[in-house]
There are 2 protein chains.
Amino acid sequence: MPKDRSPTRIQKKNRAAILEAALNVFSANGFRGATVDQIASEAGLSKPNLLYYFPSKVDMHNALLAQLMDTWLDPLREMDEDGEPLAEIMAYVRRKLQMSRDFPRESRLFANEIVQGAPRIHDALNHDLKTLVDEKTKLLERWMADGKIARVHPYHLLFSVWSLTQHYADFDVQVRAILGDEDPFDGADPFLETLYLRLLTP
Amino acid sequence: MPKDRSPTRIQKKNRAAILEAALNVFSANGFRGATVDQIASEAGLSKPNLLYYFPSKVDMHNALLAQLMDTWLDPLREMDEDGEPLAEIMAYVRRKLQMSRDFPRESRLFANEIVQGAPRIHDALNHDLKTLVDEKTKLLERWMADGKIARVHPYHLLFSVWSLTQHYADFDVQVRAILGDEDPFDGADPFLETLYLRLLTP
DNA sequence: ATGTGATTTGACCAAACGGTCAAACTCACG
DNA sequence: CGTGAGTTTGACCGTTTGGTCAAATCACAT
């Protein structure tokens with residue numbers, strides 16, 4: 001087992017390679033669908049070598065989810081109470097859509113986990129996510145009370161942002177089956193712009 | 001193996017029980033995450049007995065997906081070109097949301113399949129779905145050209161309906177983590193009503 | 001009741017799985 | 001170069017998995 005000391009050059013390289021491979025395999029097959037052999041082969045390492053860096057399959061999965069949770073909530077965290085309300089929300093939507101474009105595997109990792117009941121991240125949902133969401137919905141409600149944006153159910157407003165943006169990553173196969181060669185994001189960007197402008201302009 | 005003749009009373013009962021159990025297990029764990037033993041135990045039958053009715057795990061999964069594909073596309077099929085455009089679309093959204101409420105397991109079965117690249121229903125997406133969608137988007141474009149509804153990208157309009165409605169079934173755990181005791185659909189219904197009214201009113 | 005086909009099951013199998021371990025190899029550093 | 005820690009692996013283990021099979025039981029038409 002690698003020591004707790006500062007990681008060696010080799011440790012850094014291999015840990016990164018393993019997490020990269022694990023992300024590919026977990027996001028494409030779900031936790032139970034992924035096999036350690038598959039991750040090992042994708043990382044270019046032997047199976048025992050993998051388990052030398054991560055004691056078990058669950059550990060790899062946890063490492064990915066933990067590392068990801070923060071990144072995933074960042075776009076919402078950045079919504080600024082001092083900014084122009086409508087512009088802040090539109091920017092949030094744009095950041096979320098950008099994450100679906102740039103990190104589709106991460107999005108599918110979450111989707112897999114949540115569709116199957118989130119057995120491994122239930123706590124994070126009820127604490128980290130719930131806390132942040134409650135803070136930001138208060139902000140949204142203030143903006144609505146001030147007449148800066150139209151009145152809608154703030155929780156469902158957030159749900160709509162999540163579902164509309166993550167759809168392009170999670171249901172990519174379906175989207176491409178319909179669109180053919182057309183780049184999904186070329187159309188998604190102006191569509192969401194229009195949608196939220198019409199929905200939220202007071 | 002049961003004969004091809006007209007199914008006996010016992011065959012009907014057991015096939016139904018198996019599909020019901022399989023739907024529970026597949027939708028909660030994905031294809032690879034589900035085990036035949038689990039389905040058998042949930043159906044109250046022995047494993048060999050299960051495989052007497054369905055020759056393999058894949059066959060159970062296929063039976064579910066095939067049986068489901070039609071049901072799933074029905075709400076869109078019912079969108080009537082002779083109806084009032086805006087009302088037709090709003091009714092479609094309501095039907096889709098109702099399906100998320102009434103058939104969350106079916107929704108998650110699809111979600112699991114598509115998030116993981118739809119390996120088993122690629123063809124159905126490219127034929128059945130694509131054909132129906134192309135037919136209905138032509139209708140939407142006609143309505144837009146006639147000024148009956150606002151101009152938006154028709155494909156992305158359909159994506160938005162799918163993602164916004166199915167979100168309540170597929171991401172149920174997350175939605176409930178945020179909403180607490182509040183019934184998700186109580187808020188979803190008026191929210192989507194408002195959203196599509198504002199988006200599509202010309 | 002009896003015979004025939006439909007139904008059910010305990011015992012079993014080979015492959016795939018997550019994980020272990022001792023032995024071998026490599027690297028960095030004095 | 002030598003040495004000790006860090007790294008790698010082939011062989012192996014127990015369990016789980018999808019699936020098989022022969023034998024036993026059941027349902028029902030005659």
Side-chain angles (χ1 to χ4, degrees), chain A residues 1-65 112-113 116 119-120, chain B residues 1-65 112-113 116 119-120:
Chain A
M1 200 175 355
K3 289 292 167 62
D4 277 349
R5 330 215 154 208
S6 61
T8 68
R9 179 181 52 85
I10 296 179
Q11 276 173 34
K12 271 187 201 164
K13 199 192 64 179
N14 283 347
R15 274 179 188 278
I18 291 170
L19 287 179
E20 169 73 13
L23 179 56
N24 277 334
V25 177
F26 281 132
S27 69
N29 304 97
F31 180 76
R32 288 216 47 183
T35 75
V36 178
D37 285 281
Q38 213 180 337
I39 299 174
S41 128
E42 183 120 354
L45 299 174
S46 67
K47 182 166 64 168
N49 202 176
L50 230 88
L51 294 163
Y52 168 71
Y53 289 101
F54 293 87
S56 77
K57 184 182 167 182
V58 194
D59 284 295
M60 298 178 214
H61 199 247
N62 284 346
L64 281 176
L65 286 176
N112 264 305
E113 188 64 14
Q116 299 187 6
R120 281 165 275 271
Chain B
M1 196 176 357
K3 289 291 168 62
D4 277 349
R5 332 215 151 207
S6 62
T8 68
R9 179 181 52 85
I10 296 179
Q11 276 173 35
K12 271 189 201 162
K13 198 192 64 178
N14 283 348
R15 275 179 188 278
I18 291 170
L19 288 178
E20 170 73 12
L23 179 57
N24 276 334
V25 177
F26 280 132
S27 69
N29 304 98
F31 179 77
R32 289 217 46 183
T35 75
V36 178
D37 285 283
Q38 212 180 337
I39 299 174
S41 128
E42 183 121 355
L45 300 174
S46 68
K47 182 165 65 165
N49 203 175
L50 229 83
L51 295 162
Y52 168 71
Y53 289 100
F54 292 88
S56 77
K57 185 181 166 182
V58 195
D59 284 294
M60 298 176 214
H61 199 246
N62 284 345
L64 280 175
L65 286 176
N112 264 305
E113 187 64 14
Q116 299 188 6
R120 280 165 277 270

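Excluded from the calculations below are hydrogen atoms, water molecules and symmetry mates; all remaining heavy atoms, backbone and side chain alike, are included. Proteins get letters first, then strands, A, B, ... in listed order; numbering begins at 1 in each.
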5'-most contact on DNA chain D (nearest-nucleotide basis), A/L50 vs B/S56, goes to A/L50

Given that B/G44 and A/R32 both sit by DNA chain C, which one's nearest nucleotide is further toward the 5' end? B/G44

Pairwise 5' ranking along DNA chain C for B/S46 and A/P48, keeping only the more 5' one: B/S46

Beyond-backbone contact of [X] with [Y], side-chain heavy atoms, under 4.5 angstrom:
X      : Y      : result
B/P119 : B/E113 : yes
B/L51  : B/M60  : yes
A/Y53  : A/I10  : yes

Check the distance between [N]'s [atom2] and [X]'s [atom1] and give it to me in whole angstrom.
X     : N      : atom1 : atom2 : value
B/D37 : D/dT16 : CG    : C1'   : 9 Å
A/K12 : C/dC27 : NZ    : C1'   : 17 Å
A/N49 : D/dT7  : CG    : P     : 9 Å
A/K57 : C/dG18 : NZ    : P     : 4 Å
A/L51 : D/dG10 : CG    : C1'   : 14 Å
A/L45 : C/dG18 : CG    : P     : 16 Å
A/R15 : D/dT8  : CZ    : C1'   : 16 Å
A/K13 : C/dT26 : NZ    : C1'   : 12 Å

B/R32 charged N/C atom sitting above A/F31 aromatic ring, 6.0 Å / 45°: no

Under-4.0 Å side-chain N/O to phosphate OP1/OP2 contact, [X] with [N]:
X     : N     : value
A/Y53 : D/dT8 : yes
B/N14 : C/dT8 : yes
A/Q11 : D/dG6 : no
A/Y52 : D/dT7 : yes

Nearest-0.5 Å distance, CD1 of residue B/I18 to NZ of residue B/K13: 11.0 Å

Atom pair CG (A/N112) and CD (B/Q116), whose distance is rounded to the nearest 0.5 Å: 4.5 Å

Check nucleotides 23-30 of chain D for protein N or O atoms closer than 3.5 Å to its own N or O atoms and list the pairs.
unit_1	atom_1	unit_2	atom_2	d
D/dC28	OP1	B/R9	NH2	3.3

What are the two closest non-hydrogen atoms of B/V25 and B/A34, and how far apart are they? CG1-CB, 3.4 Å

When all nucleic acid strands are considered with a 4.0 Å heavy-atom cut-off, which category describes B/A40: base, sugar-phosphate, or nothing? nothing

Does the base of D/dG18 carry an N or O that pairs as donor and acceptor with the side chain of B/K47 under 3.5 Å? yes

